[in-house]
Novice: 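If you scroll down you'll find the structure; I have some questions about it.
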Amino acid sequence: MRKYILLISLFFSLNLFSQNISIEGSVKSSDDKKLSGALIRLLTYNDMLTYEQTTIYETHSDEEGKFIIETDIDDVVLAQIAIDLERVDMLLKPNSSYEIEIVIPNQEEYVSYFERQNPNIKIINSDDDNLYYQYYMSDLIIDDFIINNFNKIYRSRQLSMLDSLDNQIEKELGEINSDFIKDNIRYRKAALQMVINNDNAKKVINQHFNKQKILYSHPAYMNLFQEIFSNYLSSKQFHPSDIRNLLYDNYDSFLKYINEKDAFLADNQDLAEIIIACNLKRMYYEMPDEKKQILTYIEAVAHNTENHNNKEIINDIIKQIYRLSFNSDAPTFALEDKDGNIIKSSDYKDDIVLLQFVNKVSDMTDYQFKILKDLSEQWKDNVKIITIATKDSFDDFKQLFDNKGYKWKLLNLGNDIMLLEKYQVKIFPDYIILGKDNKIGMAPAPSPDQELDFHIRRIYNYYHKK
């Protein structure tokens, strides 16, 4: 009997620590150079409305650019694999294994951020019951169908086109068993139905949202949600003056007014909470004089909801509002300077700081450095300047500092590439102003030739008038 108990215990312990997802991958550049030592992360979306993510696995590629990811997921999820700061999307299914290859394009030196080429992912092998293939192909079929039948859909508004689309999907994909794929087709078709019906989305709302399950993690559902509901509180049944006045009342009065004006929101409490929170987020940026009260109302939605998923999604909305906003906590760092000393952000808690992120010596950096030198002479010790150079460019900038006699701090980003993500650095050079106590002053800030001095003075005056 004791043997059986031990065997059963061993079985459960093995399953407790087993992983239901396995990804064997390799990563290389477009010129076939293997990327060794790259930081590899697997991130899942908390939801497909805020696009906030959670890192569920982290590793590094080996000398051959190969890596293995083994982890658990509870349901079909759209995830991202991050290679350093580059990312590719991947649809994952529990109890599946994948063999993939990722190619990172070599970027031209002067290409803009918006013209950058995205990494490519190739699924070499998988046992996910064709889930990824059907997801990719269903989107491709629908996209091609829209292009090939644009006039019939958007001008003639022929409802029969949806039947033709069904026939084409069935012909090309055959039987579809996955609820995720069925929902993808359903909500993408609903977006077309909304165009064809031309009734302000009333039929689509009744068929696909009224008393329906909320698909928090489904991209097609949430894309349609945003298309229909992102400006819902601007609909004609709500008067802008009433909305504005109620922001100075209390949240209960605000909610009562909305429910009285709109039966759909009154009948769909869980969905209504997300709609209200999303609209309040939009109003937060559009109505600067009411920002404080609007944020209070968003926090009230999160506090009052009894739906766990809603609480998480609304808390993510609040997190996004605060992230890198004025007077929020700035991401910390501890980096080496050109003399090998460790410099911490906390060393500057009593100062106003301009952070400059750079990745390559070029005509642009030379131009901006010259202006920055003139500004630094005007600012003197009132503003501290810190240039943070990427690992590969640090020696070049060190030589530049020595040749040009720049006196401010030069730090080596080294392997702390996540600092770029924390500060949401998208282009180089990029600038961030920090206020005192390591608080965000402005992120991002303009470049030295684009009124940077004005904003430095504005933030300086804020602290010295207190």
Novice: Are Glu58 and Ile40 packed together at the side-chain level, in the sense that at least one heavy-atom pair is separated by less than 4.5 angstrom?
Specialist: no
Novice: Taking it one step at a time, do Arg41 and Glu421 satisfy salt bridge (charged side-chain N to carboxylate O under 4.0 Å, His left out)?
Specialist: CA-CA 13 Å; Arg41 292 173 291 152; Glu421 191 167 287; 3.1 Å; yes
Novice: Is there side-chain contact between Ile123 and Glu99, with heavy atoms separated by less than 4.5 Å?
Specialist: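 Side chain of Ile123 against side chain of Glu99, heavy atoms only: no contact under 4.5 Å found.
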Novice: Verify the distance criterion only: is there a donor paired with an acceptor across the side chains of Lys391 and Asn415 at less than 3.5 Å?
Specialist: yes
Novice: Apply the test side chain to side chain donor-acceptor pair (under 3.5 Å) to residues Asn184 and Tyr221: give CA-CA distance (whole Å), side-chain angles for both, the deciding distance (0.1 Å), then the verdict.
Specialist: CA-CA 7 Å; Asn184 189 57; Tyr221 175 96; over 6 Å; no
Novice: Is there a donor-acceptor contact under 3.5 Å linking the side chains of Asp127 and Ser97?
Specialist: yes
Novice: Of all residues at least two apart in sequence or in a different chain, which pass the side-chain contact (heavy atoms from CB on, under 4.5 Å) check with Arg323?
Specialist: Glu52, Lys319, Gln320, Gln424
Novice: If you measure from NZ on Lys66 to CG on Leu35, what distance do you get to the nearest 0.5 Å?
Specialist: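 If I round to the nearest 0.5 Å, the distance is 14.0 Å.
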Novice: I need the minimum non-hydrogen distance between Ser230 and Arg282, along with the two atoms involved.
Specialist: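 What the structure gives for the nearest pair is O-NE, 3.0 Å.
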Novice: Regarding Thr305 and Glu273, is there a side-chain donor-to-acceptor distance under 3.5 Å anywhere?
Specialist: yes
Novice: CG of Leu354 to CD1 of Ile386: how many Å apart, nearest 0.5 Å?
Specialist: 9.0 Å
Novice: For a ring pair (Phe, Tyr, Trp, His ring centres under 6.0 Å) check, start with the C-alpha distance between Tyr98 and Tyr132, then their side-chain angles and the critical distance, and finish with the verdict.
Specialist: CA-CA 10 Å; Tyr98 303 85; Tyr132 186 89; 7.7 Å; no
Novice: Decide side chain to side chain donor-acceptor pair (under 3.5 Å) for Ser253 and Asn250; before the verdict, give the C-alpha distance in whole Å, the side-chain angles of both, and the deciding distance to 0.1 Å.
Specialist: CA-CA 6 Å; Ser253 299; Asn250 59 69; 3.1 Å; yes
Novice: With a 6.0 Å cut-off (strictly less than), is the heavy-atom count around CG of Asn148, excluding the residue itself, greater than 12?
Specialist: yes
Novice: Could you pull out the closest heavy-atom pair between Ala277 and Ile317, with the gap in Å?
Specialist: CB-CD1, 4.0 Å
Novice: Taking the side chain as every heavy atom from C-beta outward, state whether Tyr136 and Leu91 have any pair of such atoms under 4.5 Å apart.
Specialist: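 Side-chain contact under 4.5 Å: no.
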Novice: Would you kindly say whether Gln293 and Tyr251 are connected by a side-chain donor-acceptor distance under 3.5 Å?
Specialist: no
Novice: Hey, mind stepping through Glu63 and Ser36 against side chain to side chain donor-acceptor pair (under 3.5 Å) and telling me if it holds?
Specialist: CA-CA 5 Å; Glu63 292 180 356; Ser36 63; over 6 Å; no
Novice: Give the intermediate values and the outcome of salt bridge (charged side-chain N to carboxylate O under 4.0 Å, His left out) for residues Asp143 and Arg188.
Specialist: CA-CA 10 Å; Asp143 289 342; Arg188 291 221 53 193; 2.8 Å; yes
Novice: For a quick test of reading the model, state the closest non-hydrogen atom pair linking Val27 to Ser61 and the distance between them.
Specialist: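 Closest pair (atom of Val27, atom of Ser61, distance): CG1-CB, 4.2 Å.
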Novice: I'd like to know if the side chain of Asn412 and the backbone of Gly414 have a donor-acceptor N/O pair within less than 3.5 Å.
Specialist: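 Yes, the answer is positive, given that a donor and an acceptor are paired below the 3.5 Å cut-off.
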Novice: Measure from NZ or CZ of Lys291 to the centre of the six-membered ring of Tyr284 and say whether it is under 6.0 Å with the direction within 45° of the ring axis.
Specialist: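 Yes; both conditions hold, so Lys291 lies above the ring face of Tyr284.
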Novice: Which pairs with one or both residues in residues 150-159 pass salt bridge (charged side-chain N to carboxylate O under 4.0 Å, His left out), sequence neighbours excluded?
Specialist: none
Novice: Please enumerate all residues that pass side-chain contact (heavy atoms from CB on, under 4.5 Å) together with Ser160, with sequence neighbours excluded.
Specialist: Gln158
Novice: Please determine whether the number of non-hydrogen atoms from other residues, nucleotides or ligands lying under 6.0 Å from atom NZ of Lys202 exceeds 12.
Specialist: no
Novice: More than 12 heavy atoms of other residues, nucleotides or ligands under 6.0 Å from CD of Glu172: is that the case?
Specialist: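 Counting other residues, nucleotides and ligands, CD of Glu172 exceeds 12 neighbours.
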Novice: Do other residues, nucleotides or ligands put more than 12 heavy atoms under 6.0 Å from Phe238 CZ?
Specialist: yes
Novice: Does atom CG (Asp74) have a neighbourhood of more than 12 heavy atoms from anything else shown, all under 6.0 Å?
Specialist: no
Novice: So do the side chains of Met137 and Leu173 get within less than 4.5 Å of each other, counting heavy atoms only?
Specialist: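 Yes - at least one pair of side-chain heavy atoms lies under 4.5 Å apart.
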Novice: With distance as the sole criterion, is a donor-acceptor pair present between the side chains of Asn310 and Tyr216 under 3.5 Å?
Specialist: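 Indeed, the side chains of Asn310 and Tyr216 share at least one donor-acceptor pair under 3.5 Å.
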Novice: For Leu413 and Ile417, work out which heavy atoms get closest and say how close.
Specialist: CD2-CA, 4.2 Å
Novice: Which of parallel (below 30°), tilted (30 to 60°) and perpendicular (above 60°) describes Phe326 and Tyr462?
Specialist: perpendicular
Novice: Would you say Thr54 and Asn46 are linked by a side-chain donor-acceptor pair, where the criterion is simply a distance under 3.5 Å?
Specialist: yes
Novice: If every non-hydrogen atom of Ile69 is compared with every non-hydrogen atom of Leu42, which pair is closest and at what distance?
Specialist: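 Reported closest heavy-atom pair: CG2-CD2, 3.9 Å.
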Novice: Got Ser29 and Val103 here, is their nearest side-chain heavy-atom distance under 4.5 Å?
Specialist: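 With C-beta onward as the side chain, the pair stays apart.
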Novice: Given side chains that start at C-beta, do those of Lys28 and Glu101 come closer than 4.5 Å, heavy atoms only?
Specialist: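 Result yes, sub-4.5 Å side-chain heavy-atom pair found.
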Novice: Report yes or no: do Asp129 and Asn177 form a side-chain donor-acceptor pair below 3.5 Å?
Specialist: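 No, because no side-chain N or O of Asp129 sits under 3.5 Å from a partner of the opposite role on Asn177.
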Novice: If you round to the nearest 0.5 Å, how far is OG of Ser96 from CD1 of Ile23?
Specialist: 10.0 Å
Novice: Are a donor atom and an acceptor atom from the side chains of Ser393 and Asn359 found within less than 3.5 Å of each other?
Specialist: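 No donor-acceptor contact under 3.5 Å links the two side chains.
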Novice: Out of curiosity, Ser217 OG to Asp75 CG, how far, rounded to the nearest 0.5 Å?
Specialist: 8.0 Å
Novice: Contact between Met283 and Ile243 at the side-chain level, heavy atoms closer than 4.5 Å - yes or no?
Specialist: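 In contact.
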Novice: Verify whether one side chain among Asp47 and Thr50 offers a donor that lies under 3.5 Å from an acceptor in the other.
Specialist: yes
Novice: Side-chain contact test, heavy atoms from C-beta onward, threshold under 4.5 Å: evaluate it for Ile21 versus Tyr57 and give yes or no.
Specialist: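 No, every pair of side-chain atoms sits at 4.5 Å or beyond.
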Novice: Return the OG1 to NZ distance between Thr390 and Lys360, rounded to the nearest 0.5 Å.
Specialist: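 Rounded to the nearest 0.5 Å, the OG1-NZ separation comes to 9.0 Å.
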Novice: Check whether more than 12 heavy atoms from other residues, nucleotides or ligands sit under 6.0 Å from atom NZ of Lys439, and answer yes or no.
Specialist: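 Count over threshold, so yes.
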Novice: If you round to the nearest 0.5 Å, how far is CZ of Arg244 from NE2 of His239?
Specialist: 15.5 Å
Novice: For Lys213, look at atom NZ and say whether over 12 heavy atoms of other residues, nucleotides or ligands are found less than 6.0 Å away.
Specialist: no
Novice: How far apart are the C-alpha atoms of Ile298 and Ile321, what are their side-chain angles, what is the distance that settles it, and do they pass the side-chain contact (heavy atoms from CB on, under 4.5 Å) test?
Specialist: CA-CA 10 Å; Ile298 298 174; Ile321 288 174; 3.8 Å; yes
Novice: Might you point out which heavy atoms bring Phe67 and His60 nearest each other, and give the distance in Å?
Specialist: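 Between these two residues, the closest heavy atoms are CB-O, 4.3 Å.
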Novice: Going by side chain to side chain donor-acceptor pair (under 3.5 Å), Gln207 matches just one of Gln193, Gln212, Arg186. Which one?
Specialist: Gln193
Novice: What residue among Phe397, Phe333, Phe428, Tyr423 forms ring-ring contact (aromatic ring centres under 6.0 Å, His included) with Phe357?
Specialist: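 Only match with Phe357 under ring-ring contact (aromatic ring centres under 6.0 Å, His included): Tyr423.
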Novice: Could you go step by step and tell me if His308 and Glu312 meet the side chain to side chain donor-acceptor pair (under 3.5 Å) rule?
Specialist: CA-CA 6 Å; His308 174 72; Glu312 286 193 340; 3.1 Å; yes
